[in-house]
Amino acid sequence: AFSGTFWSALNLVCRTWDLTVVPPVLDPAAAADTDARLTIASPIRLRPDPTHHSSEFIPSAALGFEQVHLERRAEQRTDGINRQIHVQVRMRGEPRLDAIKLDRSQSFYVILGNIAVDAEGRCFPLQQSESHSPGGDILFSAIISDLNEPQSALVISGMVTTTVEHHFVTELELRPGELHALDLGGVGGWAALLDDDAALANGIDQIGLLVQRAQPTHALHSFMRADVSTASDGPLLSEADGKIQGTSDSTIIFAMPRIANHAHHVTLSGWMDNEVEVPFTVTIPPP
């Protein structure tokens, strides 16, 4: 049996059968949509590699990094020759991470450190030249300078910052006056039914279902719907939108025509956006 990371297993398969990983490709409709979401965790597709240069991914947590281009250059300066490495790296996520989606217009960032380090601990200046996502591929480039001494492998480190979309469906039984803890796409929160007295006590001018997220980072109303019913009254809300309450985007209220004195069956569903940061390291092989 194989023991190792997903990427180590993929590298073994590619080397054994001379295969390469096909870059992800957006379908034409998604490519034309500037608001389309990219995914770094799309299914892995393989094809034969006639050049016998099989894919080799460098594992870093759940992310894999493939060096797709490396060029060594030398430029003449007034103080001598500056030897450089220009490298381009492709980033992929394990297919099991199908919840990770990237908004290509604003929510995908790769930030590299400003140095590369070799096995002897020597540091070399690093400059990030670009990071982009053409046609669904996630690429970033860097230039490492002042490589005028023989060096071993070089290690660069960085951080991927993106928005993770969590789909959630939460069902609960709720009575007036009760607080109920919630899991809203990996983020905690609570819900309560506000009758006339409770609404007045909370400074709210309408009765209804109050939902609050524990971390006031993103507005909820674009991502959440509510259904409320009782056994005797039937549906009181059906796929209703909420309204932001007050100045905090973490609190919304779903207005209801009435609130019964017994248990209400509440279903909350939608998407919750959470920003995450994933550190990584990539090793550049020696010449």
Side-chain angles (χ1 to χ4, degrees), residues 2 4-16 18-26 38-47 49 51 53-72 84-104 107-119 123-145 147 151-164 275-287:
F2 178 83
T5 67
F6 170 87
W7 300 108
S8 298
L10 180 62
N11 291 339
L12 179 60
V13 170
C14 290
R15 286 195 303 267
T16 302
D18 278 337
L19 299 173
T20 189
V21 175
V22 179
V25 178
L26 287 177
L38 300 172
T39 176
I40 60 171
S42 55
I44 299 292
R45 296 182 297 133
L46 303 175
R47 61 172 171 80
D49 185 1
T51 66
H53 290 89
S54 57
S55 293
E56 187 77 18
F57 280 87
I58 303 164
S60 186
L63 299 175
F65 297 86
E66 181 186 19
Q67 178 185 296
V68 295
H69 178 75
L70 188 146
E71 182 182 355
R72 300 180 188 275
Q84 299 177 331
I85 289 178
H86 292 238
V87 62
Q88 186 177 59
V89 177
R90 173 182 294 124
M91 181 180 70
R92 295 288 295 270
E94 293 184 22
R96 65 182 176 85
L97 301 179
D98 59 357
I100 296 185
K101 297 184 178 180
L102 309 179
D103 184 331
R104 67 172 148 187
S107 297
F108 165 65
Y109 308 96
V110 174
I111 302 174
L112 299 177
N114 57 11
I115 59 171
V117 182
D118 68 5
C123 299
F124 302 91
L126 182 147
Q127 177 185 354
Q128 182 172 346
S129 56
E130 61 180 342
S131 63
H132 60 294
S133 50
D137 215 356
I138 311 298
L139 302 170
F140 62 90
S141 304
I143 301 172
I144 305 171
S145 303
L147 301 171
Q151 80 275 159
S152 55
L154 295 168
V155 176
I156 62 177
S157 59
M159 186 80 71
V160 178
T161 302
T162 186
T163 299
V164 178
E275 189 173 75
V276 297
E277 295 180 334
V278 181
F280 66 87
T281 58
V282 177
T283 301
I284 308 300

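Nothing here was measured: the structure is a model prediction, and the numbers come from that model. Residue numbers start at 1 and run along the sequence shown.
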Between Gly113 and Leu126, the two heavy atoms sitting closest are O-CD2, 3.0 Å
_side chain to side chain contact (heavy atoms under 4.5 Å, CB included) between Val89 and Ile58, worked out_ = CA-CA 10 Å; Val89 177; Ile58 303 164; over 6 Å; no
Applying side chain to side chain donor-acceptor pair (under 3.5 Å) to Ser8 and not counting sequence neighbours gives Thr5
- prompt: With a 4.5 Å limit on heavy-atom distance, are the side chains of Thr281 and Ile156 in contact?
  reply: no
Correct closest heavy-atom pair for Leu12 and Thr16 would be O-OG1, 2.7 Å
In short, Gln128 meets Val110 closest at the heavy-atom pair NE2-O, 2.6 Å
Original post:
Is there a donor-acceptor pair closer than 3.5 Å between any side-chain N or O of Asp18 and the backbone N or O of Asp49?
Top reply: no
Closest non-hydrogen atoms of Ser152 and Pro286, given as atom of the first, atom of the second and distance, are C-CB, 3.8 Å
Sorted by chain and residue number, the ring-ring contact (aromatic ring centres under 6.0 Å, His included) partners of Phe124 (sequence neighbours excluded) come out as none
Residues at least two apart in sequence or cross-chain that pass side chain to side chain donor-acceptor pair (under 3.5 Å) with Arg72, listed by chain then number, are none
Heavy-atom nearest pair, Leu46 first then Cys14, reads CD2-SG, 4.0 Å
With sequence neighbours left out, the residues meeting side-chain contact (heavy atoms from CB on, under 4.5 Å) with Ile115 are Val117, Cys123
d(Leu139 CG, Gln88 CD) to nearest 0.5 Å is 4.5 Å
By side chain to side chain donor-acceptor pair (under 3.5 Å), Glu66 pairs with (sequence neighbours left out) Ser55, Arg90
| Parallel, tilted or perpendicular: which fits the ring planes of Phe140 and Phe65, with parallel below 30° and perpendicular above 60°? | perpendicular
With sequence neighbours left out, the residues meeting side-chain contact (heavy atoms from CB on, under 4.5 Å) with Thr283 are Ala153, Val155
